Amino acid sequence: MGISPIVPLLIIVLPFVSFIICAVFGHKLRERAALVALSLVGLSSLLCLLTFGIVALSAQPQKGTIIQGIWMCIQIGNGKSSFTIPLGYIVDPLTSVMLFVVGFIGWWIMLYSVGYMRGDARYHRYFAYMSLFMASMLGLVLANNFVMLYICWELVGLCSYLLIGFWYEREPAMRACKKAFIVTRLGDTGFALGIFLIATITGSVLFYSIGNLKGVFTSIHDGSVKQNGLFALASALLFLGAIGKSAQFPLHVWLPDAMEGPTPVSALIHAATMVAAGVYMVARCYVLFDEHIVGKLMLLGNSIAISPGELVAHIGCFTAFMAATIALTQNDIKRILAYSTISQLGYMMMGLGLGAYSAGTFHLMTHAFFKALLFLCAGSVIHAMHTNEIFEMGGLKRAMPVTFATYLVGMGALAGIPPLSGFWSKDEILAHAFMHNKFLWAMGEVTAFLTALYMTRQLCVVFLGEQRRRDIHPHESPPVMLLPLFVLSFGAALSGLVGTPWMNLYGKFVTYGEAHVEGHPSSGFVMLISLCASITGVLFGYRLYGARRISNHFEDPLRLILGATYSFLEAKWHLDWYEGTRIRHAFFAIVNGCRGFDLGFVDGFINLVGWVVAYVFAYLHRLFDLYVVDGLVNGVALLTGFVGNVLRLIQTGLVRHYILFVLLGFAVLIAFSMWRVILLAHP
Amino acid sequence: MDELTVLLGYFASEMVLAIGGIAILVINFTSPNVKGRYLGYLAACTVGVSAFIMPWQGWFVFEAQLVRSTLRPFFSFCLSPDMYATYFKFAIAIGMLITILASLDYVEARLNGVSAELYALLCFATLSMSFMVSAVELITLFLAIELTSIASYALASLDTSNPRSVEAGIKYFLTGAAATAVSLYGMSLIYAFSGTTNLREILNMQTEVGAQFPHLILVSLIMVMASLGFKGALVPFHAWAPDTYEGAPTPVTTFLAAASKVAAVGLIARFMIYGFSESLELWRPVISTISALTMTVGNLFAIPQRNIKRMLAYSSIAHAGYMLIGLAAVSQAEIDFMMGKGLLERTDVAMTGFLLYALGYAFATGGAFTVVLAVSHLLGTEEIPEYDGLSQRMPHLAWALTIFFLSLIGIPPFVGFFTKAFVFAGAIYSGLGWLSIVGVLNSVVSGYYYLNVVRHMFLLPPKAQSVERTAPSTDAALLIALLGTVVVGLLPNPFLQWIRDALNGVILMLR
Amino acid sequence: MNGGAVWWVFFYALSAFTLFNALLVVTGKNLFKCALHLMLVFLGVAGLFLLQGAFLLAGVQTLIYTGGVTTLILFAIMLSEEVVGRQRQLVSRGVSIGISAAICFLGIALTIFGTAVAQLPENYGVHIAPVAQFVAEASHLPMGNVRAVGVALLTQFLVPFEFASVLLVVAVIGAIVIARLAGGK
Amino acid sequence: MHYLVLSALLFSIGIYGVLTRRNAIAILMGIELMLNAVNLNFVAVCASLTPNQITGQIFAAFVIVVAAAEACIGFALIIAIYRNFAKVNVDDINIMRW
């Protein structure tokens with residue numbers, strides 16, 4: 001069965017149309033904006049499911065069937081020095097799974113938002129952003145070339161920025177969105193460089209060959225592009241992008257703060273889909289992380305050699321462990337979940353890095369279900385309690401039975417209790433780790449134990465015991481919020497069953513090439529250890545938190561056990577290099593330019609982006625009403641002011657700044673011309 | 001011809017300059033009572049003679065090619081005193097001549113204590129700039145840039161009792177030293193990939209290197225640009241220029257704007273085409289970016305200035321940008337022509353425009369600064385509002401300044417029009433239409449601040465009624481500048497023929 | 001590159017020594033001490049020259065830098081600061097910008113070396129200009145020799161050599177003019 | 001290769017010094033570091049790429065000469081600065097700007 005090229009196009013365009021409608025006519029639609037968004041995005045989600053179904057049922061999914069097509073080709077330059085960017089789509093098993101996850105979970109979360117966001121002043125804008133997010137995330141998944149991938153990647157980042165700062169009146173939200181923007185930008189720079197490098201080496205940005213257009217992966221895989229040391233560098237640079245987007249160490253610092261956004265946003269973007277984009281990208285570019293193909297990464301004149309896969313695995317493993325330990329000590333319900341997200345993303349990276357392609361993406365899928373579920377539950381709790389502090393909650397089991405039940409499912413899945421979904425996918429990764437690298441495996445098991453421990457801690461403190469705040473009378477959430485909880489809890493409970501060691505449907509479906517068909521390396525020993533780790537964690541947690549009465553002025557028993565370590569963990573290993581360190585100031589100092597801190601270029605840039613999107617789009621109608629002359633006059637005034645500011649910026653009269661200018665100019669020129677070199681090198 | 005004749009012929013003008021510079025120092029040392037003014041006349045004579053020799057020297061070198069001399073390779077390895085070099089040397093010497101003539105009064109009034117050193121340094125600077133435009137070897141190139149720089153640092157801070165002058169010097173010096181270090185690093189990279197310091201051999205080497213490692217060539221080129229761009233005050237290496245131009249004694253500012261910049265762009269073009277024309281497509285975007293930036297920044301920043309020296313500083317930054325259009329738009333046919341293969345087509349005008357621009361700019365800017373020097377000497381001011389009603393007090397100055405400004409804007413029939421027309425046309429023929437659009441827009445913008453000065457001079461009432469007389473030396477400088485601006489504009493053909501020979505002559509020494 | 005284990009030991013020791021002192025030069029608090037560390041950097045670099053067989057250069061480096069420039073710096077310090085004044089306490093400003101710029105440069109340089117320079121073949125520039133060949137033959141001696149440098153300076157590089165003397169004259173004139181007291185003509 | 005890395009490091013240190021110091025003398029020291037780094041580059045390339053040529057060494061020698069001349073002018077300037085401003089802190093030498 002084939003897929004008409006119009007289907008992928010519709011999948012992307014429908015949410016985008018919804019975004020345009022919600023943005024332009026949002027103020028007229030008000031509450032009805034949700035209806036528009038839900039129906040259009042819903043249609044797109046249905047198409048996603050359809051696509052998934054077609055691919056899953058087609059004749060030979062395990063052969064890595066790739067359905068792809070091109071909508072249009074963009075030519076840059078002409079004649080010999082031209083460079084083609086074919087815009088199109090690609091639907092293979094990996095994509096179809098991602099489509100399923102994004103479309104399905106995304107829609108349910110949007111439904112949930114209808115209840116959660118009710119009464120917010122910028123209701124329509126919320127749905128506009130969410131639609132834009134869906135459009136760009138689906139575009140990211142469907143992209144068949146690096147350029148489109150990068151554009152969607154940045155759009156997704158933009159949506160994340162807008163949604164984190166959705167309640168921009170709040171100072172922390174404002175800071176958090178800036179932080180997320182800046183920190184992920186560091187990774188994105190590497191990502192862009194990686195893409196440039198790949199385009200330089202192979203002369204193409206297309207993933208797989210189609211017609212007479214050469215694809216990057218195809219030509220690397222069949223050896224028609226000569227192997228050279230730069231591939232490994234390129235994959236490391238690409239991975240830098242994934243580090244930023246998927247919140248891996250050391251760029252993980254933005255994700256916990258991103259919890260300042262509305263909770264459904266946290267569920268959708270910062271747990272289920274967007275942060276998985278990095279994992280997805282690594283999986284998509286898997287050829288580039290294959291040591292047999294790209295060789296090792298040489299650093300400092302060949303003195304250090306590490307394969308890209310090892311790099312990914314080690315960073316992933318460390319991230320998983322570090323985030324899990326931090327999660328132990330957090331008191332904010334969403335922050336705990338945020339750190340657990342970081343930790344689980346680390347698992348996925350570890351899996352991918354160890355060559356467990358299908359296990360990594362499998363965990364991505366199951367994690368999307370249960371983490372979305374957990375966040376929505378948390379949202380439900382916050383909705384009821386109007387606080388994020390877990391020690392101010394307690395005893396919610398009675399007031400919110402449905403939420404508790406679904407939370408229990410999600411927690412079990414995350415903690416790795418069989419037969420819930422998380423167990424199977426995590427076990428598969430750990431089994432691979434056991435085969436390849438015992439050390440990583442051991443760390444993984446420890447992390448599994450910690451995961452169970454902190455989830456139990458959270459569950460006990462929030463739902464068990466007695467209610468500690470008497471002034472609030474919690475109530476169960478409205479049905480429109482409970483329904484998604486139900487649906488997702490089914491997903492969280494059952495989605496793992498497609499990948500059990502005995503019947504590994506998923507592993508047969510999503511595979512990396514023919515040479516690497518991997519079964520579920522079912523090791524009873526590993527499974528036993530995993531099970532023990534989870535169970536011990538749960539029991540230990542219950543003994544610490546469940547059995548005793550937790551009072552209002554409660555000293556966390558872990559603090560007594562861990563002592564000084566607890567403070568270290570509570571301070572996030574002192575790794576939040578962004579806050580209160582010189583680095584953040586340095587970053588601002590650099591972009592602020594020579595004038596120092598008083599002329600915020602970053603602010604300007606961010607505001608500019610904010611204006612362009614929020615102002616120009618959302619208030620387009622208002623601009624129409626204004627006199628064109630007025631606008632022109634204002635524009636000229638703005639320009640003059642701008643020139644004046646730049647003038648002051650540059651001629652500070654300080655020699656130090658003049659010298660800096662020489663160096664900066666030199667760097668900028670190099671950066672600028674590199675792009676041209678790329679175009680020239682591969683006509 | 002015997003070897004001594006060849007040697008003298010090759011370096012006649014340079015020797016004149018060296019001897020003149022040393023003579024000034026010796027005279028000052030042996031008879032301290034000689035007036036600074038006479039030393040100035042001596043310096044003017046030296047530079048004037050060398051400028052006069054220059055065109056003949058080019059022909060001499062052309063003839064001398066036929067003579068086999070054992071000395072020749074040792075010089076030609078490092079220096080190429082070819083027609084291209086002599087053309088630029090001529091432009092530089094003219095700029096210096098105008099500078100020295102215009103500053104005689106000013107120096108006598110304000111810098112009398114150091115006049116000998118000033119004139120001697122100016123002679124040596126002219127000498128080193130001659131070497132700059134004829135260098136075909138990285139070591140010579142580096143030494144020439146450094147000698148010019150060191151002379152300029154000393155000149156800029158010559159007025160040691162004036163904090164502004166010293167500040168100008170230290171800013172110039174520190175920025176320059178840093179730029180030098182960066183560009184030396186670039187030269188070491190060039191040396192690393194080519195194994196030689198001779199531009200010709202570098203050109204041969206880069207065909208294979210360029211195919212494999214274009215970024216290596218590009219990075220090293222951009223690094224070297226740091227120092228070249230610093231001398232030419234190109235954005236983003238220009239930051240020193242406004243402060244130094246404003247703070248330095250006005251004669252030195254004139255020298256920096258009228259001569260030093262011409263030498264720098266001459267060097268850049270030689271370096272790029274002579275040594276790196278194989279990588280043309282690599283550096284073309286770099287140069288066109290720098291050019292666009294330089295024009296735009298220079299013109300935009302010039303608008304709000306009230307000090308005329310500072311305004312002219314920015315304007316001269318902008319003009320370096322216009323000149324670079326010519327280099328950015330150089331066509332393959334022109335390169336072939338300069339390398340001694342093929343002929344020029346009707347459309348290959350970019351380099352012609354570039355060379356003509358350098359000369360026209362030297363005339364017009366030198367002239368404008370002559371007026372500024374005269375006004376500064378007579379009225380003691382450099383603020384634009386003080387130029388009110390200059391047409392009633394010193395009409396010849398006002399008219400001359402207007403003509404120079406019109407030429408700088410690019411209004412026919414003055415030389416500036418042709419130069420701009422050539423480079424813009426060259427850009428369009430080479431497919432750099434956007435660059436010429438930027439250039440034209442910038443010309444329009446530049447009209448604003450130039451004509452603002454004209455408005456002050458002609459339309460506003462004077463603040464004082466006194467009428468001053470200018471010295472004959474100033475008049476002579478004005479006359480030279482005016483002649484150049486008008487005559488080259490009205491009768492460009494002989495100059496175009498000369499430029500053609502100059503372009504063709506680039507390669508003679510290396511055949 | 002060159003030689004055996006001893007060579008490498010020397011190389012690393014000298015590199016570490018040079019870099020360490022260089023770091024002290026840019027981070028030290030006392031201007032005077034910085035100047036002394038700078039002198040040690042110069043010596044270290046001279047040693048590194050020796051390791052590459054550049055004997056004359058090492059000598060020149062020691063004489064001009066260690067002997068000349070350092071002395072000049074010390075004089076400048078003493079002439080321009082109160083000898084025990086608080087002004088000699090150095091303050092570093094914009095450390096973050098400095099670090100970023102340094103790292104930026106380092107990144108560019110290492111990328112270039114890693115991707116390009118390291119892959120250039122050895123003896124890459126052996127085909128040389130006729131003049132250079134002449135010099136190489138004239139010296140008849142292995143490289144690094146003082147005589148080879150001398151021959152090259154007086155033949156192939158005669159023009160720059162002469163030119164350098166003009167440069168020194170100009171520098172001396174300039175320095176005297178600037179540094180002498182404005183009143184004391 | 002090792003020499004090149006070493007020289008890049010030394011150069012970076014020099015850049016850092018130039019950008020962060022406020023004392024003109026200290027800035028000059030940074031520049032001297034950068035020049036030394038360049039010399040290392042020249043000598044190393046000379047030895048490894050063109051073993052029977054000494055162009056790199058000659059270049060380095062000229063760089064040393066020029067550096068000395070520059071230092072000479074530079075310190076003269078610093079003394080002049082000190083006479084005019086009574087300090088050599090470049091951040092305070094800031095009459096002209098914008």
Side-chain angles (χ1 to χ4, degrees), chain B residues 137-140 142-143 145-147 149-154 156-198 201 242-247 301 304-305 307 310, chain D residues 4 7-8 11 14-15 18-19 21 24 27-28 30-46 48-51 53 55-56 58-63 65-67 69-74 76-85 88 90 92-98:
Chain B
E137 207 266 298
L138 289 182
I139 296 180
T140 327
F142 163 68
L143 280 173
I145 293 178
E146 272 312 299
L147 178 49
S149 296
I150 286 180
S152 311
Y153 304 147
S157 43
L158 211 51
D159 192 0
T160 40
S161 53
N162 179 359
R164 280 170 177 270
S165 170
V166 183
E167 180 181 334
I170 192 95
K171 282 179 172 172
Y172 193 18
F173 170 71
L174 287 179
T175 323
T180 302
V182 172
S183 81
L184 267 177
Y185 200 90
M187 289 184 192
S188 74
L189 282 182
I190 293 179
Y191 179 55
F193 77 70
S194 64
T196 172
T197 52
N198 189 306
E201 291 166 40
D243 293 359
T244 304
Y245 278 35
E246 186 187 341
F301 283 28
Q305 303 303 333
N307 181 309
R310 206 169 168 82
Chain D
L4 303 188
S7 110
F11 200 85
I15 287 182
V18 169
L19 287 181
R21 294 305 202 164
I27 293 181
L28 261 179
I31 289 172
E32 297 295 342
L33 286 183
M34 287 158 84
L35 292 176
N36 266 282
V38 170
N39 278 351
L40 275 179
N41 247 358
F42 274 121
V43 171
V45 171
C46 179
S48 73
L49 290 184
T50 55
Q53 276 287 292
T55 319
I58 301 272
F59 207 142
F62 279 118
V63 172
V65 171
V66 166
E70 252 189 8
C72 179
I73 281 281
L77 261 170
I78 286 169
I79 290 169
I81 283 282
Y82 181 68
R83 291 216 180 100
N84 277 292
F85 294 82
V88 289
V90 290
D92 299 328
I93 304 166
N94 200 4
I95 309 176
M96 292 172 293
R97 53 180 152 171
W98 299 329

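As the structure is a prediction and not an experimental result, all values here were calculated from the model. Labels below follow one simple rule: chain letters A, B, ... track the order of the sequence lines, proteins then strands, and each chain is numbered from 1.
Between chain B and the residues D:Val65, D:Ile78, D:Val63, the largest count of heavy-atom pairs under 4.5 Å involves D:Val63.
Between the side chain of B:Ser165 and the backbone N or O of B:Ala156, at least one donor-acceptor pair lies under 3.5 Å. Distance alone, capped at 3.5 Å, places no donor-acceptor pair between the B:Tyr191 side chain and the D:Phe42 backbone.
Of the atoms belonging to B:Leu147, not a single heavy atom falls under 4.5 Å from chain D. Heavy atoms of D:Phe59 lying under 4.5 Å from chain B belong to its backbone as well as its side chain. Using a 4.5 Å cut-off between heavy atoms, D:Phe62 contacts chain B through both its backbone and its side chain. Interface residue D:Ala8: backbone and side-chain heavy atoms are both found under 4.5 Å from chain B. Proximity to chain D is limited to the backbone of B:Asn162, based on heavy atoms less than 4.5 angstrom apart. With a 4.5 Å cut-off on non-hydrogen atoms, D:Ile27 touches chain B through its side chain but not through its backbone.
In this structure, the side chains of D:Arg83 and B:Thr160 stay at 4.5 Å or more apart for every pair of heavy atoms.
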For residues 177-185 of chain B, tabulate all N or O donor-acceptor pairs below 3.5 Å that involve a side-chain atom, not counting sequence neighbours.
| from | atom 1 | to | atom 2 | distance (Å) |
| --- | --- | --- | --- | --- |
| B:Thr180 | OG1 | B:Glu146 | OE2 | 3.0 |
| B:Thr180 | OG1 | B:Gly176 | O | 2.7 |
| B:Ser183 | OG | B:Thr180 | O | 3.2 |

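A donor and an acceptor atom, one from each side chain of B:Ser188 and D:Asn41, are located under 3.5 Å apart.
Considering only residues two or more places apart in sequence or on other chains, B:Tyr153 meets the ring-ring contact (aromatic ring centres under 6.0 Å, His included) condition with B:Tyr172, B:Phe173.
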